[in-house]
Each structure stands twice: as C-alpha cells, then as structure tokens.
Chemist: 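Here it is: the structure, laid out below.
Keep in mind the model is a prediction, meaning the values are calculated, not measured. Numbered from 1 within each chain, the chains take letters A, B, ... in sequence-line order.
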Amino acid sequence: MKPDSDRPDPVRDLWAELRALLLVYGALVLVPLLTGFACQS
Amino acid sequence: MAEGPHARRQVGALLSAWLVVDLWAGARRRGGGGSATLTTTIFAQGFLAYLFAALSWQDSNAVAYLAGNLAFVGALVLLSLLGGLGRELRHPADRDLVRTSPIGAPTYFVARALHSVLWLGLQAVGLALPAAVLACWTLDTVLAFPLFLAMALLVSALLVGLQLVPILAVDRLLGEHAAVGLATLLRTLLLGASFFGLALGLRAMLRGPEAFPGGIDLLRWLPPLWFAEAALELLGLRAGGDGLLLAGASLAGTALLAFGLAVLPRRPLAARPRRRGDPLPLRLARPWLGSPAERGGVAFVLAMLARERSFRLRALPLLGLPLGMIFFAEKDAHGLFFAMAHSLPIAFVPFLLHSLPFAEQHRANWVLAEAPLEPVATSRRAVALAFAALVVPAQLLLLALDAWERGLGPALPTTMAATGLAWLLLPRFARSLDQPVFSQDPDSFRTPPSLNGDLGVGLVVSALAIAAELALGKRPAPWTALAAVLLVVGFLALRPRRGGLR
C-alpha cells in the first residue's frame, strides 16, 4: 500500500494551484506598474 | 439547527470538486496525475493583455482605451470559457450524479452561482490586471483600478451570457446534440472574429472610430463601449451619457433571458426524427466508390468527421482563414492572393492528418476493426475520398466569394485548378496515415517531432497555385483549358482501381 503522502490530495493541490495563481497576479500588477512609473518619469 | 454549517460544507465540497475538475479536467477524469493549465494560461494571456494595454495606452483617449481593453479581456475570457461551458452538455452523467446526492436544490443553485462567479472572476480579474493598472495613469485616479476590474468582470459575464442564450435556446428546442454543435460553431466564429477584431480594434483605438469598418455607428452597438462610458460616468469624468443605463439593462436582460431558458424543460432525445438518405458529401463521393466496403469506410469517416468535436475545432478555423482572406481582400487585390486562398484548404490537409487517428469517440473504431479489410489501407482510401468530397463544397464557397470580388472569368479557372490539384494530391497525402482513423485515445496524442515535411508540402502546393495563377494571367484561354484538364485528371485519379479494395 502507498504511504499517505504519495496519494494525490485534490484539496491540497487546489490550494497550491491558487497560490501559484496569486503569484502570477502579482507579476501582472508589477510589470504594468513599473511601465507606468517608467513612462511617467 | 445544524442546517447552516451543513449547507456551507456541501457548497464547499461542490466548489472544490468543480474547481478540481475545471483545473485538471481531462487529466484527473481517468485517475492520472496531470497538471493544471489555468496558471500558465493566465500567465501567457495576461502578458498578451499587458502588451495590448501598453500598445494602446498613451496614444488613445480614455473611452477608446477602456473600451478596447475591456473588449480584449472579454474576448480572451469568452474564448477560454467556451470550451468548459459545453462540459455539462457533454457529460450529463456528472450532472445527474450531483442531483442524486443528498444536496438540496437551493444549496446546489448557490454552489453553481458561486462557482460560475469564482471561475469567471479568476480569469477576468487576472487578464484585466495590467490594463487596470495602466488605466490609473490614463484616468489620473487610483479608483480606475478597482473600477476597471469590476467592469472587466461585468463585460465578461455579459459576453458569456450573450453567447449562452442561443446555445441554451437550441438545447431546449432542438436537443443536446444540436447545442454542442452550435457551441463549437460559435467558438469557431468567435475565434475568427476576435482575430480580425483585434487588428481592426487596435487601429480604431489609435486613429479614431472612423478607422473601424462601420465607424462609430457600429461601435455604439458593442457592449465594451457601454461599459467604458459607464466607468467614466461613475468617476464623474463624463456627464449625460447613457452608458450606465445600457450596461445595466443589457446585463439584466441577458440574465433574465438565460434564466428563463434554463428553467424550460429539455426536449426528449427520442423525439428527434431520423434523417433519410445519404448526407451530401457521401453522395458527392459516389462516383469514386468501387465497392460497398469502400462506401462503408467513407460513410464512417464522414460521420466521425462531423461528430468529432476536436476535429471541427481544428478544421473549421483553417477554412475560415481563406474565406476571411477573400472576404477582406481589397477590390484591386492581385490574383495571386486569391490563388493562395484557394490552395490553403489543401495545404492544411497534411497537418490535419496527424490528428485523424485520435478521437474522443475512439471506441467507435470497432466498425473498421470488425470489417473484413486491412484497416490502415481502408483508412487511407476512405480519408482520401472523404476529403475529396469535402473539397467540393469548400471550393464552391470560395468560388462564390471569389466571383463576387473579381468576377466569374478569373475565379472559375482558379477554382478548377485548386480542386483538380486537391484531388490529385489527396491519395498521396493519405499515405502518411500509419494508424487506422479514429482508433486512438486523444490523451495519447503527441505533437509530431518535426512539421518541416508538412510545411514543405504546403509551400509546394502554394507555389504550384501561384505558378498556375501567373500563367492564367498571361494567357487565359489555354491555361483555363489546362485547369479543366487538371480537374478531369484529378477526378479520374480517384476512381477505384482494379485489384484495389473490395
């Protein structure tokens, strides 16, 4: 029998995926923010 | 009472189950690991949205910037959601499984609504972030950021609702199969329309509404403009417009219509009348059919091509490209342009053939496996004949558009040459099939390591078409006759051979 840690845990994967998504959101805010300030100055 | 926490737990369970299905759809359905695609999709499309916003940022006025970027975000969300919307239609078992569980109707409804908003929000907000940040400089206020995100969410919801209404109507009036077909067709049309809309829209944002075909009179009918005006009215930067009214009314109207249709009863499947006689492509292929076995093979391939959703998704946009090329051609465009458009459908065939052994309904392959014939050879012949039959309506459609643009005189020989060339080449192309058609699980599909050979074939076909067009332009009479000869030779080349399949 497989140990518990090897079994897929959908809920844990879901939260991991949402955290990764949050990082992407951060990048999508940061890049235009830098663009805006750079163009303004 | 424990009603509250109980219902909350049920909603939570439904939400996480549906999100897992959304994120890992095909991969987890069969119990495998698989990887989620949402994050990478948002990353790639969000970067596109950033490029679009940055391109239009400083050179357009506030309304144009907001409307253009709302349209861009809305179109991206709509296209990525369309694939998922048909899921419930295609897997009614999932729906029935949930309905038999001890979950009350109100709880189910709340969970469905929350899931739709969450899933739409995850995508719309992610894609709208770059344009929302840059909007702060365009409108000179930080409030533009939350307002743009909210408007992007509402525009996406409206667009999704607007395309859902005809699909729901067809589902309730004609049945599920017609609805799935319509969803695929709509997706194809939207894909083509977004492609042209992107180019035309960016031009209109930078140069003013006159640069858009139809001008401001047409743009006034498009929802993103209403929401852009509504945003400006909310910020107090614009007075006396009807943006808020139009945006609110369209949202309420679409929601009412969608809910009204959703509660209508479904049409029972058994009530659909059976079609009599052969479908048109099979009738077109009749002169080439040597034996009943061949006829069976071609009928099988044609039926599967029509039913296979993934094939339609691949093939229809490829036909849309030449149609769009001719439709948007300038009146004085060179004949070479039209020759290219006529030759594109045949140049695409080698690419399509790679995916032909893979089908969602691959279990239907027992039809070929049980036949007393060699499956690969049968597949090759059947595919060649099926595509040869399908070339006819495609080229007739191109001929109609072509003749409308530059007259029947030059359009007819170009069509004859392209059709003849297609008929001559199809049996040779079909030899690249090394597995029976529609026999493999689509999950085992791997992109071929190199497409250089196919690209080469496409280039050669286009070069031949261009050479024929150049010759036609120089001396029309003899080359028209030659095009007719090519058509006849192509037709005869597809005739059954002695000692062939029986």
Side-chain angles (χ1 to χ4, degrees), chain A, chain B residues 12-13 15-24 27-28 31-55 57-59 69 73 118-119 121-138 140 142 144-145 148-149:
Chain A
M1 211 172 133
K2 282 182 178 178
D4 274 356
S5 57
D6 282 1
R7 285 195 206 155
D9 177 354
V11 178
R12 194 185 55 199
D13 291 356
L14 192 61
W15 283 112
E17 193 63 32
L18 292 180
R19 272 197 299 276
L21 198 60
L22 215 59
L23 272 179
V24 169
Y25 281 7
L28 287 177
V29 171
L30 199 65
V31 174
L33 210 57
L34 292 176
T35 313
F37 281 121
C39 288
Q40 198 188 29
S41 61
Chain B
L15 272 183
S16 65
W18 281 333
L19 280 178
V20 167
V21 174
D22 285 333
L23 286 168
W24 288 277
R28 290 266 162 106
S35 56
T37 50
L38 180 73
T39 311
T40 44
T41 309
I42 296 272
F43 188 71
Q45 295 192 347
F47 187 67
L48 267 185
Y50 161 67
L51 281 183
F52 191 81
L55 273 177
W57 176 41
Q58 286 178 317
D59 301 321
N69 280 288
V73 171
L118 196 64
W119 187 236
L122 278 179
Q123 313 209 13
V125 168
L127 299 182
L129 282 171
V133 171
L134 290 177
C136 295
W137 278 278
T138 309
D140 229 3
V142 186
F145 180 72
F148 187 90
L149 290 187

Chemist: For residues 24-37 of chain A, which side-chain donor-acceptor pairs fall under 3.5 Å, sequence neighbours excluded?
Modeler:
{"residue": "A/Tyr25", "atom": "OH", "partner": "B/Leu122", "partner atom": "O", "Å": "2.2"}
{"residue": "A/Thr35", "atom": "OG1", "partner": "A/Val31", "partner atom": "O", "Å": "2.7"}
{"residue": "A/Thr35", "atom": "OG1", "partner": "B/Tyr50", "partner atom": "OH", "Å": "2.7"}

Chemist: Sub-4.5 Å heavy-atom contacts with chain A: which residues of residues 129-137 of chain B show up?
Modeler: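 Within residues 129-137 of chain B, the residues under 4.5 Å from chain A are B/Leu129, B/Pro130, B/Val133, B/Leu134, B/Trp137.
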Chemist: With sequence neighbours excluded, give me every side-chain hydrogen bond (donor to acceptor under 3.5 Å, both in side chains) pair touching residues 122-135 of chain B.
Modeler: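 Only B/Ser80-B/Gln123 qualify under side-chain hydrogen bond (donor to acceptor under 3.5 Å, both in side chains).
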Chemist: Do A/Asp13 and B/Val20 come within less than 4.5 Å of each other through their side chains, counting heavy atoms only?
Modeler: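 When only atoms from C-beta onward are counted, B/Val20 and A/Asp13 do not touch, as no gap falls below 4.5 Å.
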Chemist: For B/Ser16, which residues count as a side chain to side chain contact (heavy atoms under 4.5 Å, CB included) partner, sequence neighbours excluded?
Modeler: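 In terms of side chain to side chain contact (heavy atoms under 4.5 Å, CB included), with neighbours along the sequence ignored, B/Ser16 is linked to A/Leu14.
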Chemist: If you count heavy-atom pairs under 4.5 Å between each of B/Gly126, B/Ala53, B/Gly46 and chain A, which one has the most?
Modeler: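 So the answer, after comparing B/Gly126, B/Ala53, B/Gly46, is B/Gly126.
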